[in-house]
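Everything on this sheet refers to the single structure shown next.
In the text below, chain A, chain B and the rest are named by the order of the sequence lines, each starting its count at 1.
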There are 2 protein chains.
Amino acid sequence: MDTGQTNVHRQNGVALWRQIADRIRASIANGDYDATGKVPPEFTLAAQFGVNRHTVRSALAALAQEGIVRSVQGRGTLIERKERLNFPITRRTRFSEGIGDQAREKEGLLLHSAQEPASADLSARLRIPEGATVIRLETLRKADHRPVSRSTTWFPADRFDGIEEAYSKSGSITVAFRMLGLSDYLRVSTEVTATHADGADLADLQLSPGAIILVARALNTDPDGVPVQYAVSRFPADMVQFTIEN
Amino acid sequence: MDTGQTNVHRQNGVALWRQIADRIRASIANGDYDATGKVPPEFTLAAQFGVNRHTVRSALAALAQEGIVRSVQGRGTLIERKERLNFPITRRTRFSEGIGDQAREKEGLLLHSAQEPASADLSARLRIPEGATVIRLETLRKADHRPVSRSTTWFPADRFDGIEEAYSKSGSITVAFRMLGLSDYLRVSTEVTATHADGADLADLQLSPGAIILVARALNTDPDGVPVQYAVSRFPADMVQFTIEN
DNA sequence: CCTAAATGTCTATTGATATAGACAACCATA
DNA sequence: TATGGTTGTCTATATCAATAGACATTTAGG
């Protein structure tokens with residue numbers, strides 16, 4: 001199903017090998033090659049995309065660099081990793097529960113924390129005075145030891161003093177909130193956009209440059225509707241999809 | 001706010017001028033240059049991104065091609081268009097209502113229609129027997145004469161015979177359903193992913209190659225929960241954001 | 001154990017991408 | 001009207017991206 005085979009585009013500022021790498025990565029995630037566990041031969045792919053075999057080789061080399069495939073002389077190009085995590089977005093969205101059994105091991109790392117005055121945008125979202133102190137956490141989430149998202153999240157400092165340590169110890173926002181006396185919270189809005197990966201994305205999420213990033217900006221409130229957290233999370237688009245159930 | 005200034009990346013398969021074009025486009029949509037209505041001078045941008053002025057010029061030429069900016073010798077590079085449409089995704093998601101007053105004129109074009117047997121994936125989603133006949137519509141939606149989405153949508157043929165004509169005349173799914181006796185329908189699930197634009201996207205949505213596409217796969221049912229429509233819609237990521245309100 | 005089917009390596013050539021520098025043309029404004 | 005700031009154009013050079021062809025090397029299977 002899905003949209004039909006379209007050809008690659010030239011002179012667009014995106015190298016052919018990168019377009020082809022993206023397409024093959026998507027096909028792998030889509031399960032197109034599950035029957036064989038291998039990517040089609042270089043000759044076949046070259047004909048399929050209408051390019052030279054060497055161009056396909058560049059694409060496969062990039063995917064090998066990402067650890068998605070492994071080429072073996074005489075045998076073919078074997079698929080090493082094949083995944084696309086699904087994140088349900090609901091009124092009770094939780095990172096770790098959302099992954100569910102799609103991954104065995106889940107992990108939340110605190111990269112950095114700071115206190116700072118709220119910007120105009122942030123104060124409006126959290127409904128606090130402009131310039132009021134907020135705690136900012138930079139976090140990295142992993143599933144089965146592979147990074148799946150990079151987040152910047154803000155909390156009102158007066159209410160959630162010490163959340164840096166709570167998160168650092170637990171690796172979970174839900175648990176950190178609970179440690180500070182907030183037993184439940186609700187997702188009230190999520191904005192989803194997409195962009196190219198920036199330098200920090202490439203490093204933290206272990207992507208190859210030119211990758212696409214899904215950006216989710218989320219606002220959580222306590223059960224009374226008072227904003228408790230605003231978060232901007234960045235996910236590799238070829239590893240993740242969001243599902244909104246109404 | 002938002003993520004900090006990161007530099008462009010070399011030898012990634014994505015040309016520098018394209019990365020810079022994407023960044024400037026995003027800054028425009030973000031309102032960063034609202035004070036002057038102009039993009040900063042080429043020299044300044046070149047210094048900012050750490051590249052040669054000519055590289056910046058290539059980026060600006062691409063944006064001019066898209067109609068986003070217009071360079072005037074002696075004056076600077078003026079911003080011509082600055083928009084990012086917001087699409088709320090709710091249980092009652094409707095394209096035209098969703099845009100609301102963000103655009104004055106809305107339009108739905110029927111590009112192509114066909115009848116075909118349902119694939120395995122489609123039959124599961126619409127809960128009809130595999131191979132049962134479905135009607136497929138290829139549509140293009142515009143707001144203020146600019147294309148904002150390209151959709152492929154499927155309907156069970158037995159229940160919605162003649163929907164091609166109904167849509168073609170009305171330019172609205174909601175109205176077409178009503179003409180065929182379905183007065184209301186509900187959005188039950190939406191899957192959101194992102195990918196690079198393909199050839200058809202570039203042509204229909206009038207994008208420059210390498211652009212990013214947000215893909216929404218949506219299932220609508222009648223009030224009794226019986227699936228009536230499955231749609232795959234593609235939106236230019238730099239023009240659109242989705243908002244999920246819970 | 002030979003052969004077909006793969007991937008690996010090498011050389012050569014062309015066009016796109018990026019840098020560098022210089023100068024022309026144009027506009028707003030002091 | 002002179003000047004500073006800005007975009008437009010030109011030449012030159014180096015590197016990356018893509019094509020082309022030939023041949024080596026490895027693996028699986030008859």
Salt bridge (Lys or Arg N to Asp or Glu O under 4.0 Å) partners for [X], two or more places apart:
X: E42(A); answer: R53(A), R57(A)
X: E116(B); answer: R136(B)
X: R141(A); answer: none

Original post:
Should we say atom CD of Q115(B) is surrounded by more than 12 heavy atoms from elsewhere, each under 6.0 Å from it?
Top reply: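 Above 12, so yes.
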Rounded to whole angstrom units, what separation is found between the [atom1] atom of [X] and the [atom2] atom of [N]?
X: Q19(A); N: dA16(C); atom1: CD; atom2: C1'; answer: 14 Å
X: L45(B); N: dT7(D); atom1: CG; atom2: C1'; answer: 13 Å
X: R18(A); N: dT17(C); atom1: CZ; atom2: P; answer: 15 Å
X: F49(B); N: dT17(C); atom1: CZ; atom2: C1'; answer: 17 Å

Original post:
With a 4.0 Å cut-off on heavy atoms, is T77(B) in touch with a base, just the backbone sugar-phosphate, or nothing at all?
Top reply: sugar-phosphate
Subject >> Phosphate OP1/OP2 of dT17(C) contacted by T55(B) side-chain N/O (<4.0 Å) >> reply: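 Checking T55(B) against dT17(C): no side-chain N or O falls below 4.0 Å of OP1 or OP2.
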Original post:
Does R57(A) have a side-chain nitrogen or oxygen under 4.0 Å from the phosphate oxygens OP1 or OP2 of dG8(C)?
Top reply: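 True: R57(A) side-chain N/O within range (under 4.0 Å) of dG8(C) OP1/OP2.
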All side-chain hydrogen bond (donor to acceptor under 3.5 Å, both in side chains) counterparts of [X], not counting sequence neighbours:
X: S71(B); result: T77(B)
X: T243(A); result: N86(A)
X: S123(B); result: none

Proximity to the side chain of [X] - top-ranked nucleotide from [options]:
X: L16(A); options: dT7(D), dA18(D), dA20(C); result: dA18(D)
X: N52(B); options: dA20(C), dA18(D), dA6(C); result: dA20(C)
X: W17(A); options: dA17(D), dT7(D), dT7(C); result: dA17(D)
X: E42(A); options: dG8(D), dA20(D), dG8(C); result: dG8(C)

**OP:** Can you tell me which stems involve DNA chain D, if a stem is defined as three or more consecutive Watson-Crick or G-U wobble pairs, both distances under 3.5 Å?
**Re:** C:1-30 with D:1-30
Subject >> Footprint string (nucleotides 22-30 of chain C, 5' to 3'): B base within contact, S backbone only, - free, heavy atoms under 4.0 Å >> reply: B--BBBS--
Subject >> salt bridge (Lys or Arg N to Asp or Glu O under 4.0 Å) contacts touching residues 67-77 of chain A (sequence neighbours left out) >> reply: R70(A)-E80(A)
Original post:
Relative to each other, are the rings of F242(B) and F87(B) parallel, tilted or perpendicular (30° and 60° limits)?
Top reply: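 Because their plane-to-plane angle is over 60°, the rings of F242(B) and F87(B) count as perpendicular.
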